[in-house]
Amino acid sequence: MKRLTPYLLILPGGLWLAIFLVVPMVFMASVSTQEGNVVDGFAQTFNFANYTNTLALFQTQFLRSVGYGLAGTLIAIALAYPIAYWIAFRGGARKSTYLLLVLLPFFVSFVLRTVSWKFLLADEGIVLAPLKSLGVLPEDFHVLQTTVAVVGGLVYNYLPFMILPIYVALERVDPRSVEAAQDLYATRSAAFRKIVLPLSLPGVFAGVLMTFVPMTADYVNAGILGGPQNTMIGNIIQTKYLINNDYPSAAALSFTLMAAMLVGIFAYAKALGTENVLEAAAR
Amino acid sequence: MKRLTPYLLILPGGLWLAIFLVVPMVFMASVSTQEGNVVDGFAQTFNFANYTNTLALFQTQFLRSVGYGLAGTLIAIALAYPIAYWIAFRGGARKSTYLLLVLLPFFVSFVLRTVSWKFLLADEGIVLAPLKSLGVLPEDFHVLQTTVAVVGGLVYNYLPFMILPIYVALERVDPRSVEAAQDLYATRSAAFRKIVLPLSLPGVFAGVLMTFVPMTADYVNAGILGGPQNTMIGNIIQTKYLINNDYPSAAALSFTLMAAMLVGIFAYAKALGTENVLEAAAR
Amino acid sequence: MTSAIDLDEVIKEYVSHGEVVQAVKGVSLSIAEGEFFSLLGPSGCGKTTTMRMIAGFEDPTRGKVRLHGQDVTNVPPNKRDVNMVFQSYALFPHMNVWDNVAFGLKQKKTPDAEIKRRVGEMLDIVDLTGREKRRPREMSGGQQQRVALARALVNNPRALLLDEPLGALDLKLRQAMQIELKRIQREVGITFVYVTHDQSEALTMSDRIAVMNDGLVEQLAGPREIYEQPASAFVAGFIGTSNLLAGTLAGGVLKVAGGRVLVPGGQDGEVNVTVRPEKITIDVDEPTQNVSAVPGTVAEVVYLGTYNSYAVRLSDGTEVTVFQQNANDATITAERGDAVWLSWQPQHSYAIGS
Amino acid sequence: MTSAIDLDEVIKEYVSHGEVVQAVKGVSLSIAEGEFFSLLGPSGCGKTTTMRMIAGFEDPTRGKVRLHGQDVTNVPPNKRDVNMVFQSYALFPHMNVWDNVAFGLKQKKTPDAEIKRRVGEMLDIVDLTGREKRRPREMSGGQQQRVALARALVNNPRALLLDEPLGALDLKLRQAMQIELKRIQREVGITFVYVTHDQSEALTMSDRIAVMNDGLVEQLAGPREIYEQPASAFVAGFIGTSNLLAGTLAGGVLKVAGGRVLVPGGQDGEVNVTVRPEKITIDVDEPTQNVSAVPGTVAEVVYLGTYNSYAVRLSDGTEVTVFQQNANDATITAERGDAVWLSWQPQHSYAIGS
């Protein structure tokens with residue numbers, strides 16, 4: 001019995017991964033090489049051309065998604081860092097209240113928020129129409145259906161997942177070590193660069209993990225705020241699955257995306273040391 | 001200048017809330033009492049009948065959503081608590097690795113995971129077809145298009161947001177206080193009920209905050225895994241917004257849902273003490 | 001009369017990184033009813049593990065634990081009639097003082113009226129009446145300490161186990177609490193088992209002390225015997241300040257750095273001789289009586305209020321510490337750089353194995 | 001010669017919950033070049049705030065801070081030629097020992113070769129050679145303490161500020177580090193300003209001590225004067241153990257509980273007289289000489305290794321503590337319950353305002 005214990009301990013975790021990670025992925029991998037259609041059914045033919053074909057066809061959207069994901073992630077860092085910094089170091093006794101204020105908007109459903117922004121920013125909507133009639137903006141100015149709108153939407157929707165881990169990492173930086181750096185002749189900016197920034201990087205990394213993947217796979221923002229020029233790979237996959245019923249192509253695309261993301265995450269976590277990242281993510 | 005400082009300090013937080021919370025909500029409130037259609041345009045007529053009409057019409061879906069949200073939240077607690085407990089108290093030095101394993105599946109995009117389950121669990125799919133042909137299950141057995149499938153999907157997709165805060169709360173329980181309870185004649189179960197459970201409640205509460213709202217407003221799971229009998233209010237809102245273009249009704253529904261959620265959250269946070277909840281949520 | 005606590009060749013092994021580590025390597029003890037017994041030693045010596053086996057939090061790998069003659073080796077902690085005061089108090093943070101103290105009685109299904117009476121009395125003893133509604137985090141370290149004590153004592157345990165209970169307090173408070181603890185022990189008459197790494201704490205309070213090192217008891221005796229007749233170099237070094245003089249003993253006399261050390265009853269051969277700093281007299285002239293006498297030079301004089309501490313360097317380089325009570329204004333009998341003679345009575349030299 | 005550090009009527013006010021709180025209520029000090037100067041007091045007395053104003057982390061509300069005669073009141077910490085050793089060390093957790101110690105020199109753009117030489121020498125002084133690549137969390141408390149010391153000293157500051165640097169260490173290590181710190185201070189010859197709440201630490205190491213209480217300096221003097229001639233009841237109570245006898249002084253004599261206390265030069269009237277426990281002799285017979293003599297009953301004898309502590313209860317209920325060095329086997333001259341006479345030389349009675 002005692003000898004079996006280690007294996008028994010692995011069992012629940014293994015089952016968990018098997019059911020929630022391995023099974024869907026294996027199934028998706030299997031579908032991705034099938035051929036057929038929804039009327040006649042699908043058959044496994046190990047048709048790897050699904051991959052090459054869809055990738056060739058949707059290369060633009062694929063690269064665009066990664067590009068939007070990267071841009072969104074970088075902008076989110078740029079916005080989240082000062083906010084998290086301010087709360088962690090200047091928030092004083094009210095830290096948690098400030099954090100509540102910052103996170104409050106995000107308790108409201110994702111899609112509802114995004115749709116309401118679509119109306120607010122519509123070409124003849126409440127914001128742009130008066131400005132246009134006043135002549136402040138040209139008549140053909142528009143916000144929606146642009147890259148700016150989609151990336152803005154991504155940032156807006158995933159910002160809290162960047163703020164939280166950065167806040168947690170900053171909150172754990174001992175303010176005395178900053179004082180120590182200043183005592184050792186570092187200017188405020190040097191103390192930030194040499195002490196605060198490196199110590200907060202695990203939080204930034206955790207934030208990247210938590211935002212880059214969903215941003216890249218997102219389809220809601222492109223669907224609502226974007227135009228035909230902003231279609232992301234998530235939209236393609238969704239259309240193929242739900243409207244075209246072209247399951248193999250959709251699976252091939254999904255699988256490629258997912259595999260790329262997982263490889264990226266693992267490489268990233270490995271490079272940083274899993275412990276650091278998770279510690280930052282978990283606390 | 002010094003006198004202005006407190007107001008200046010409030011400014012960024014106030015702006016944040018104004019832009020990301022108040023503006024969308026006010027706009028939505030305004031739209032919700034308008035009349036018209038997408039061709040002729042909408043006009044503000046303070047038509048509060050939008051509320052009463054839509055609520056009367058979609059009462060079933062409204063109640064169903066809240067019911068699904070509640071059921072999903074309760075099941076998520078029941079699943080998440082033992083997992084979080086095990087990692088926090090039995091995880092030893094490998095705590096963060098276990099946490100990674102548990103969270104790993106959730107780095108994969110929400111919709112992709114859900115869709116792959118739809119295929120796995122299809123009536124003639126890879127799981128049910130063999131069982132049916134072996135006679136283990138009756139021919140008309142199905143998983144999809146049932147309440148079980150939708151609630152299961154909700155639980156599956158939001159589970160990590162329940163596990164994380166509970167884990168964080170449990171991880172902060174001093175194991176010595178459990179020993180102290182046992183030393184003071186408490187059985188293992190009494191020590192759990194009197195010490196661990198009350199100390200972990202803020203984590204459970206934070207988990208409820210993070211899962212109940214998005215579960216109730218969710219439309220992806222009902223759309224993919226459910227049938228006509230499982231339509232949630234999120235699906236109605238989405239259809240009204242994106243397909244029917246019936247903005248006022250959609251806004252009225254959204255606003256009602258959002259307001260109900262926010263009131264619930266505030267009442268909840270107030271009852272528990274904001275500090276406790278946020279402390280648990282933030283760390 | 002049976003003793004309160006018996007440990008019978010208790011061994012505790014852990015598996016750490018695939019290797020078996022013995023935290024406690026075979027400890028046998030008998031603690032008498034009503035005794036104030038201390039387990040003293042450096043961190044990692046096994047003293048806390050030993051106490052945790054008495055409380056029931058650890059199962060001995062081998063050996064027996066008996067409470068009042070009854071074998072409790074496999075009895076869980078909630079069924080043992082001993083209570084523990086934890087190092088960091090381990091108070092229940094979500095309960096107020098009253099509920100913390102009443103916890104054990106409630107678990108034992110004591111009638112409400114009796115709980116009320118006993119908790120009230122106990123809070124009175126530890127001087128916390130009027131603070132029943134406070135939460136632990138709203139209290140100072142000393143107050144938390146008293147809550148922890150009350151929470152354990154209110155159950156009238158047959159023995160109280162204390163795991164470095166004063167470690168988190170500052171000096172003045174620690175000294176006050178030492179006196180307080182000793183007073184409470186005398187009042188309630190319960191056996192106290194006290195784990196500490198602070199030798200002065202152990203000396204002040206204990207009836208008997210077990211000095212532990214590396215999983216074993218090195219010496220078990222009263223404070224005076226432990227201090228005056230250390231059984232090993234480890235005990236001599238760990239308890240207080242000790243001077244160690246090494247050399248070859250011949251005919252009860254050790255020749256050291258131009259002086260002589262008398263070691264009555266010492267075995268001839270290579271020896272280490274210890275002498276306590278407060279036993280040594282410092283003088284300019286060579287003593288004429290039949291005492292141990294060694295010449296040296298004062299390397300440092302440190303004024304410490306109650307006493308002065310001299311560091312005297314012998315011609316062979318050994319440094320000897322001498323304490324001299326600051327009994328009047330003119331106590332400092334030598335200055336830095338002075339050549340002096342150190343002398344002490346023969347009975348204060350102890351030969352211990354090297 | 002200008003002094004190293006001057007504080008000129010320095011006041012520090014905070015706003016807390018809308019009320020102005022004075023943490024430091026007007027402190028003036030002159031610390032000499034090369035001096036070991038301690039700020040001693042209980043927590044909240046303003047000693048740390050005072051030091052932080054010297055370092056530049058806090059701006060005084062009023063008053064001036066001068067370093068070597070130069071007004072630095074508004075100079076930021078990175079432009080002040082003093083370095084600080086923080087209470088919890090505040091080492092940089094993401095840097096190894098070498099990078100921690102080299103930090104200040106790198107910030108000052110010191111040439112690489114010189115950094116290499118000076119960091120190497122410094123690590124040698126604090127005995128950490130060979131551990132350059134360790135991270136702070138991989139080291140023991142004592143080692144971290146030495147890294148913190150090296151990180152500050154390597155910059156050759158004109159003064160070193162130490163904020164309870166030994167507070168996190170255990171007793172044995174603390175004592176060893178006290179000696180080590182004093183040695184390093186003598187070697188490098190730098191002014192040390194040392195903040196502590198531990199009176200024995202301050203007595204052991206300091207050239208001069210400023211005893212602070214409630215934002216003010218109560219006494220500023222050498223260790224011996226602070227101990228032997230406390231300026232106030234607060235100082236007498238805070239530094240060591242002190243007995244307090246109250247009564248009416250008439251003609252230099254205080255009648256107490258059937259005995260007499262001689263207070264030469266004391267003003268007649270209501271007084272508090274202090275006497276240190278180690279000045280008192282305990283005897284069965286009434287002393288015949290012209291000394292202070294008070295009868296009482298031994299309430300408790302505590303054996304403490306180097307000395308015995310007696311608690312003697314006088315007939316008016318006052319408890320007097322007496323220390324007696326454990327110089328030979330037969331030191332305990334009285335047992336619990338014995339009637340004894342306490343006596344001490346007239347010059348050891350100090351009258352302080354009540």
Side-chain angles (χ1 to χ4, degrees), chain C residues 42-43 140 164 167 170-173 175 178-179 182-183 186 196-206 222-228 237-242 276-281 300 302-309 311 321 323-332 344-345 347-348, chain D residues 42-43 140 164 167 170-173 175 178-179 182-183 186 196-206 222-228 237-242 276-281 300 302-309 311 321 323-332 344-345 347-348:
Chain C
S43 61
S140 71
E164 310 219 15
D170 69 24
L171 185 74
K172 286 264 158 187
L173 197 52
Q175 286 170 343
Q178 284 174 14
I179 295 166
K182 187 74 191 168
R183 178 183 68 77
R186 246 190 328 246
T196 182
H197 68 270
D198 181 332
Q199 46 101 2
S200 77
E201 210 163 273
L203 287 178
T204 312
M205 296 195 285
S206 317
R224 179 172 287 263
E225 188 180 336
I226 294 264
Y227 186 82
E228 308 276 347
F238 191 75
I239 314 284
T241 310
S242 206
R276 296 287 182 184
E278 70 275 11
K279 308 293 187 195
I280 303 176
T281 307
E300 180 121 49
V302 180
Y303 174 82
L304 283 159
T306 40
Y307 62 93
N308 301 308
S309 172
T321 304
F323 294 158
Q324 195 175 54
Q325 182 160 349
N326 213 345
N328 58 63
D329 279 354
T331 39
I332 295 211
W344 61 94
Q345 298 294 323
Q347 71 269 27
H348 294 142
Chain D
S43 61
S140 69
E164 311 219 14
D170 69 25
L171 186 75
K172 287 263 158 191
L173 196 53
Q175 287 171 343
Q178 285 174 12
I179 295 167
K182 188 74 191 169
R183 178 184 67 78
R186 246 189 329 247
T196 182
H197 68 269
D198 181 332
Q199 45 103 0
S200 76
E201 210 164 272
L203 287 178
T204 313
M205 297 196 285
S206 317
R224 181 173 288 261
E225 190 181 335
I226 294 264
Y227 186 82
E228 308 276 347
F238 192 74
I239 314 285
T241 310
S242 203
R276 296 286 184 185
E278 71 274 13
K279 308 295 186 195
I280 303 175
T281 307
E300 181 121 49
V302 181
Y303 174 81
L304 283 160
T306 40
Y307 62 93
N308 302 308
S309 172
T321 305
F323 294 159
Q324 194 174 55
Q325 182 161 352
N326 214 344
N328 57 63
D329 278 353
T331 38
I332 295 211
W344 60 96
Q345 297 294 321
Q347 71 270 28
H348 294 140

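Lettering of chains follows the sequences in order, A, B, ..., and the numbering in each one begins at 1. All heavy atoms count here, side chains included; hydrogens, waters and symmetry mates do not. Because the structure is predicted, anything quoted here is derived from the model rather than measured.
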Side chains of C/Val302 and D/Met205, heavy atoms from C-beta outward: is any pair under 4.5 Å?
no
For D/Gln325 and C/Glu278, indicate whether the former's side chain and the latter's backbone hold a donor-acceptor pair under 3.5 Å.
yes
Top contributor to chain D contacts, counting heavy-atom pairs under 4.5 Å, from C/Pro223, C/Ser200, C/Gly240
C/Pro223
C/Asn326 CG to D/Arg276 CZ distance, which is reported to the nearest 0.5 Å:
10.0 Å
Report the C-alpha distance between D/Tyr227 and C/Leu304 in whole Å, list the side-chain angles of each, state the deciding distance to 0.1 Å, and finish with yes or no for side-chain contact (heavy atoms from CB on, under 4.5 Å).
CA-CA 9 Å; D/Tyr227 186 82; C/Leu304 283 159; over 6 Å; no
By side chain to side chain contact (heavy atoms under 4.5 Å, CB included), which residues pair with D/Thr281, not counting sequence neighbours?
D/Ser343
For C/Glu300, salt bridge (Lys or Arg N to Asp or Glu O under 4.0 Å) partners two or more places apart:
D/Arg186
d(D/Phe323 CZ, C/Tyr307 OH) to nearest 0.5 Å is 11.0 Å
